[in-house]
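Before any comments, here is the structure.
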Amino acid sequence: MMIVKIQRPLVTSGAEPMALVYNRGRKFTAHMPFTSEIEALFADGALKVYHEAKEKHGKLLIGKRVEDQEF
């Protein structure tokens, strides 16, 4: 299990906006499509959120939201 920071896309020139996801130390980094499921994580209007997550079979499984972290 790790804590990841997920940042919503602010500006995009691509056809599909992408969220930036990374853990402390940036040993894990990824761009994820900003799907309705990911968008729901930002329901409170936040620009970035922190969640428990784990990588399984090449997919990132996002768990519960945690308090803001110092990354």
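Every heavy atom of this structure was used, including side-chain atoms; hydrogens, water molecules and symmetry mates were not. These numbers come from a predicted model, not from an experiment. Index from 1, following the sequence.
- Annotation: salt bridge (charged side-chain N to carboxylate O under 4.0 Å, His left out) contacts of Arg65 (sequence neighbours excluded): Asp44.
- Scanning both residues, Pro9 and Ala19, for their nearest heavy atoms gives CD-CA, 4.2 Å.
- Qualifying side-chain hydrogen bond (donor to acceptor under 3.5 Å, both in side chains) partners for Glu16, counting only residues two or more places apart in sequence or in other chains: none.
- The two residues Leu47 and Phe42 make their nearest non-hydrogen contact at O-CE2, 3.6 Å.
- For Arg24 (side chain) and Glu70 (main-chain N/O), a donor-acceptor pair under 3.5 Å exists by modelled atom type.
- Atoms NE2 and NZ, on His57 and Lys59 in that order, are 10.0 Å from each other to the nearest 0.5 Å.
- Counting heavy atoms from C-beta outward, Leu60 and Val21 have side chains that approach closer than 4.5 Å.
- Put simply, Phe34 and Met32 are part of the same group of oily side chains (I, L, V, M, F, W, Y) that touch within less than 4.5 Å, one to the next.
- Remark: side-chain polar atoms of Asn23 are paired, donor with acceptor, to backbone N or O of Phe28 under 3.5 angstrom.
- Panel note: side chain His51, backbone Ile62; no donor-acceptor pair is recorded below 3.5 Å.
- Residues Phe71 and Ile3 share a closest heavy-atom pair of CZ-O, 3.6 Å.
- When all heavy atoms of Val66 and Gln69 are compared, the pair lying nearest together is CG2-NE2, 4.0 Å.
- Rounding to the nearest 0.5 Å gives a distance of 9.0 Å between CG of Leu61 and CE of Met1.
- Checking side-chain atoms of Gln7 against main-chain N and O of Lys5 turns up no donor-acceptor pair under 3.5 Å.
- Placement of Met2 and Tyr50 in two distinct hydrophobic clusters is found when ILVMFWY residues are connected by side-chain heavy-atom separations under 4.5 Å, directly or transitively.
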Kindly indicate, with the supporting measurements, whether the criterion side chain to side chain contact (heavy atoms under 4.5 Å, CB included) is fulfilled by Ile6 and Leu41. CA-CA 9 Å; Ile6 307 169; Leu41 302 176; 3.9 Å; yes

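- Note on Ile38 and Tyr22: separate hydrophobic clusters, where clusters join Ile, Leu, Val, Met, Phe, Trp and Tyr whose side-chain heavy atoms are under 4.5 Å apart, directly or indirectly.
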